[in-house]
Amino acid sequence: MAFGKGCHLHLIDGSAFIFRAFHALPPLTRKSDGLPIGAVSGFVNMIWKMVEDNKGPDAPTHVAVVFDKGSHTFRNDMYDLYKANRDEMPEDLRPQIPLTRDATRAFNIACLEQEGYEADDIIATLSCQAREAGGRVTIISSDKDLMQLVGGGVEMFDAMKNTRIGVEEVEAKFGVGPERVIDVQALAGDSVDNVPGAPGIGIKTAALLINEYGDLETLLDRAEEIKQPKRRQTLIENREQIELSKKLVTLDCEMPVEVTLDELDVKEPDAEVLLPWLAEMEFRTVTRRVAEALGAEAPVIEDKPAATAPDEDAGPAPEAVPFKPEAYEWVKDEAALQVWIDRILQCGWVAVDTETTGLNEMRADLVGISLSVEPGQACYIPLAHKASGDGGLFDDGKLAEGQMDLDRALAMLKPVLEDAAVLKIGQNMKYDAKIFSRYGVEIAPIDDTMLMSYAMHGGEHGHGMDLLSEKYLGHNPIPIKDLIGSGKSQITFAQVPIEEAVKYAAEDADITLRLWQLFKPQLHRARVTTVYETLERPMVPVLKRMEMAGIKVNRDTLSRMSNAFSQKMAQLEDEIHELAGEKFNVGSPKQLGEILFDKMSLPGGKKGKTGAWSTPADVLEDLATEHDLPARVLDWRQMSKLKSTYTDALQEHINPDTGRVHTSYSIAGANTGRLASTDPNLQNIPVRSEEGRRIREAFVASEGKTLLSLDYSQIELRILAHIADIEALKEAFAAGQDIHAATASEMFNVPLDEMTPEIRRQAKAINFGVIYGISGFGLARNLRIPRAEAQGFIDRYFERFPGIRDYMDATVKFAKEHGYVSTLFGRRIHTPEINAKGPHAGFAKRAAINAPIQGTAADVIRRAMARMDPAIEGLPARMLLQVHDELIFEVDEGAEDKVIDRVREVMEGAADPAVKLAVPLVVDAGQGANWAEAH
DNA sequence: CCTGTCACG
DNA sequence: GACGTACGTGACAGGG
């Protein structure tokens with residue numbers, strides 16, 4: 001196609017780009033043979049982006065990539081020191097130079113280079129030709145040496161910063177228009193290219209002089225008139241050198257190029273050439289994308305690591321991209337953010353991390369966001385960092401410089417974060433999802449490295465990011481303490497200087513991305529993909545909604561109770577002091593022990609590790625039969641516990657904005673698969689004692705609504721019956737019998753209709769003991785009976801239910817062989833201590849026996865929860881709390897029965913279809929205006 | 001920061 | 001033969 005008016009030529013400065021890419025990007029290597037290809041990869045991505053982006057009205061009609069050829073040019077003939085201070089080309093870059101040319105040809109783009117000339121001269125010549133032909137030119141480069149070409153239809157574009165450079169930008173840089181740039185450069189010189197210029201004169205002064213005299217020649221001719229003696233002398237003395245410099249910096253617009261503009265017309269890449277080449281380079285992502293765009297099938301790239309690569313479990317591979325905090329980008333404006341968004345859309349995933357002012361997701365404010373799409377490449381977008389102030393009373397709280405508008409950044413990111421085609425990767429994503437949600441962004445879909453670790457390594461170690469990074473990437477991240485301190489002098493992340501924040505925050509995203517790349521394929525090999533996808537990951541959106549909903553807590557109720565407890569405690573305290581004959585701190589076990597066991601010489605005292613007397617409740621209970629003082633202390637302790645932990649602390653947790661209490665569930669906290677509730681813990685609200693149970697009256701349904709409580713009846717015993725395959729238990733459950741009574745009947749040969757509460761109580765204790773990995777000692781203590789008697793019960797139990805012992809033995813044997821035990825749904829709980837010697841051994845054995853039972857129950861309710869939202873969709877109900885075997889809902893008055901039916905169906909059928917339980921799951925339901933009534 | 005105690009399933 | 005033992009959690013107070 002002939003080049004002429006209306007045509008648009010793109011000239012890509014290939015040499016400059018790969019140099020910049022080489023230094024800016026992490027040293028990526030080809031997996032199969034370790035060939036360094038980081039710069040080529042950056043180049044290919046840039047080219048592909050240009051191809052993709054340039055389909056609009058401003059699309060180029062002609063394009064070429066221009067390279068330097070050789071190191072000797074006509075400038076060296078003029079000045080032998082030209083570019084003489086250049087370092088040797090880095091060893092890892094050298095092999096990438098020819099590959100870049102191959103890449104250009106593979107994309108079917110003209111590849112230009114000419115002996116004796118620099119790429120800049122080719123660009124200059126073609127630009128001039130194009131301009132004369134009436135066309136437009138975009139030079140893809142940020143090289144200042146090319147800025148003299150800008151103007152009259154020629155502009156530049158910085159591909160790495162994604163910014164265009166026009167006349168204004170050139171003026172901003174050089175202080176003169178493009179046509180006078182060479183004059184300024186001639187005076188200022190250039191240390192990079194070793195252009196001498198005028199000593200002592202920089203760009204600022206040069207621009208000043210040129211603007212005053214019009215151009216370099218006039219300036220030099222009239223140098224005598226310069227007022228400043230030093231400048232005058234310099235210009236006069238160095239005239240020759242300055243004139244040489246101008247020749248060096250002036251690009252040759254009339255060199256003999258070997259191509260015509262017409263030959264540079266844009267051509268579609270040939271899939272049959274391009275795809276095999278990309279595959280050979282092992283660029284997985286871009287190969288896939290190009291194949292999609294060209295409607296061709298992506299060639300298979302074998303995932304064949306270098307022969308020297310170690311086993312992936314042995315630690316980080318040696319070719320791993322190193323961590324370089326200085327490579328992380330501080331995103332300051334929309335253009336820079338847009339570059340990241342484009343990269344994310346191109347690769348289809350992104351690691352995301354938010355920085356906030358605190359750990360409470362319902363109260364913390366967003367301070368910044370970090371992103372990473374490739375190991376070693378991450379950015380931080382600061383949004384609400386404060387300008388450095390003393391943080392004191394007179395700190396004006398102004399925002400620091402270099403930050404995007406928060407709303408604007410979120411508006412730009414929202415489509416990506418909510419894009420179903422872009423996977424968002426996080427470490428403990430529930431936290432970030434809640435933060436984003438408060439800013440109107442519902443992040444999805446997600447992957448969570450913490451939960452991947454939990455699925456694969458539950459029981460082996462914790463799943464915090466610092467630990468995972470150290471263990472699996474061999475990298476110790478910057479501790480947050482280094483930035484915000486700890487204790488009293490702790491500051492918020494908003495007060496951290498942005499330079500530091502970038503290194504910390506971007507590193508977190510980088511680490512998360514690397515962990516994800518490592519874990520993702522391992523999930524499958526560890527056979528826990530289903531566990532992760534059905535039991536862990538679905539908890540994130542479900543718990544997010546529950547936690548954000550919160551539960552209404554009546555402050556007045558708590559406050560009144562608190563006062564009542566205070567009065568009662570004061571009264572008890574007086575009585576205790578009276579009985580003791582002296583005043584002491586009742587709340588101090590140490591002081592209490594001294595009163596009881598030293599002063600009063602009561603029996604049964606034991607000392608703990610610290611040498612202080614131990615005064616647990618059971619010891620005091622024994623003493624209470626004979627003495628008033630320990631009985632009063634027990635009452636006091638109950639009051640004290642209820643007051644401090646519940647009536648007082650709970651009030652502090654009422655969110656002032658919502659009037660509700662928002663707990664936070666840890667998905668990966670408990671080894672068995674149970675959730676854990678924190679800040680506050682709503683899974684241990686009192687219920688067993690009458691006084692304690694009244695705390696639940698403060699947990700209320702909001703106006704016009706009702707609280708529902710649905711809980712699994714005896715779920716762990718049912719699971720035991722199934723797993724250990726105990727006929728008698730299964731039958732009792734199938735018949736809907738009272739399981740503890742049935743156990744008692746079987747063990748003690750008492751007909752059900754003659755069952756006494758006492759016998760049933762003992763059987764109940766044994767049933768629980770079995771689940772916990774029974775021991776004579778433990779049962780004896782629990783039932784307060786002699787150890788021999790307890791052992792007799794156990795023996796009899798195992799006689800009647802031999803399958804239980806078989807299950808226990810088999811489970812321990814499996815754990816010893818494999819190092820883990822499994823739930824019915826495939827969750828693995830590792831038991832690293834199982835082969836330990838000494839007292840640890842007993843613990844580990846019982847934990848191994850208990851884990852599949854407790855864990856399966858945990859899996860069941862997780863499955864129910866994952867299905868619950870769609871099941872109750874359309875009903876005026878929402879799920880608020882989970883307490884291991886119980887779910888709490890808030891529903892509109894009148895909808896109770898309908899919701900109970902639907903929820904019960906989901907809960908009772910939660911094991912289906914993955915596991916066909918040999919026992920029915922039964923759910924009991926309650927309702928009321930508060931939790932005490934509903935339970 | 002650790003220990004003891006006690007709230008829950 | 002002695003030792004130490006129910007399983008899983010989290011929060012608070014005391015004390016070093």
Side-chain angles (χ1 to χ4, degrees), chain A residues 459 486-487 584-593 606-620 633-634 636-650 652-653 663-666 669-689 691-693 695-696 711-717 720 765-783 787 790-791 794 808 821 829 837-855 857-858 861 881-886 935:
Chain A
S486 64
F584 69 100
N585 184 349
V586 182
S588 163
K590 182 168 169 282
Q591 294 179 33
L592 175 65
K606 278 196 195 123
K607 287 191 175 178
K609 289 178 203 173
T610 52
W613 291 105
S614 175
T615 60
D618 55 351
V619 171
L620 298 188
V633 171
L634 284 169
W636 184 91
R637 277 194 183 165
Q638 191 195 10
M639 301 293 145
S640 169
K641 182 74 175 183
L642 294 176
K643 182 176 182 323
S644 66
T645 309
Y646 300 103
T647 58
D648 288 352
L650 220 39
E652 304 298 312
H653 282 286
T663 185
S664 179
Y665 290 99
S666 7
N671 274 339
T672 53
R674 275 191 177 181
L675 301 177
S677 161
T678 63
D679 308 300
N681 182 354
L682 294 187
Q683 290 181 322
N684 72 345
I685 302 302
V687 72
R688 291 173 184 168
S689 78
E691 299 90 330
R693 188 155 54 236
I695 306 272
R696 297 189 171 215
D711 70 292
Y712 284 107
S713 164
Q714 308 293 355
I715 188 169
E716 293 192 0
L717 274 176
L720 174 70
I766 297 169
N767 276 336
F768 276 106
V770 168
I771 291 170
Y772 297 150
I774 200 160
S775 78
F777 180 91
L779 184 63
R781 198 173 67 171
N782 193 288
L783 282 175
R787 215 178 131 172
Q791 193 56 53
I794 294 169
M808 290 183 163
V821 292
I829 298 127
K837 297 274 173 274
H840 290 310
F843 274 117
K845 260 167 92 167
R846 290 191 295 273
I849 290 165
N850 173 260
I853 303 167
Q854 189 180 115
I861 198 165
L881 301 177
Q882 188 249 44
V883 192
H884 309 307
D885 64 354
E886 174 189 15
H935 188 73

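Protein chains get the first letters and strands the later ones, always in sequence-line order, with residue 1 at the start of each.
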Please identify each residue that fulfils salt bridge (Lys or Arg N to Asp or Glu O under 4.0 Å) with [X], with sequence neighbours left out.
X      : value
A/K590 : A/E594
A/D679 : none
A/K641 : none
A/R693 : A/E690

What nucleic acid atoms does [X] come within less than 4.0 Å of, heavy atoms only: base, sugar-phosphate, or nothing?
X      : value
A/N782 : base
A/A765 : base
A/I685 : sugar-phosphate

Watson-Crick or G-U pairs under 3.5 Å in DNA chain C, rendered as dot-bracket with [ ] for crossing pairs and | for another strand: ......|||||||||.
What range of DNA chain B does chain A touch, first nucleotide to last, counting atoms under 4.0 Å from its heavy atoms?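 Counting from the 5' end, contacts occupy B/dG4 to B/dG9.
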Got a sec, which residues hit ring pair (Phe, Tyr, Trp, His ring centres under 6.0 Å) with A/F584, two or more places apart in sequence or on another chain?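 Listed in chain order: A/H577.
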Ring pair (Phe, Tyr, Trp, His ring centres under 6.0 Å) against A/W636, all qualifying residues, sequence neighbours excluded: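 Partners of A/W636 under the ring pair (Phe, Tyr, Trp, His ring centres under 6.0 Å) test: none.
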Can you check each nucleotide of nucleotides 8-13 of chain C against protein heavy atoms at under 4.0 Å and return B for base, S for sugar-phosphate only, - for none, in 5' to 3' order? BSBBSS
For A/F768, which residues count as a side-chain contact (heavy atoms from CB on, under 4.5 Å) partner, sequence neighbours excluded?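 For A/F768, the residues satisfying side-chain contact (heavy atoms from CB on, under 4.5 Å) (neighbours in sequence not counted) are A/H740, A/K764, A/Y772.
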Residue list, side-chain contact (heavy atoms from CB on, under 4.5 Å) with A/A857, at least two apart or on another chain: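 With sequence neighbours excluded, A/A857 shows a side-chain contact (heavy atoms from CB on, under 4.5 Å) to A/I715, A/E716, A/I719, given in chain and number order.
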Taking only residues two or more places apart in sequence, or in another chain, which ones meet A/Q791 in a side chain to side chain donor-acceptor pair (under 3.5 Å)?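 A/Q791 satisfies side chain to side chain donor-acceptor pair (under 3.5 Å) with A/D795 only.
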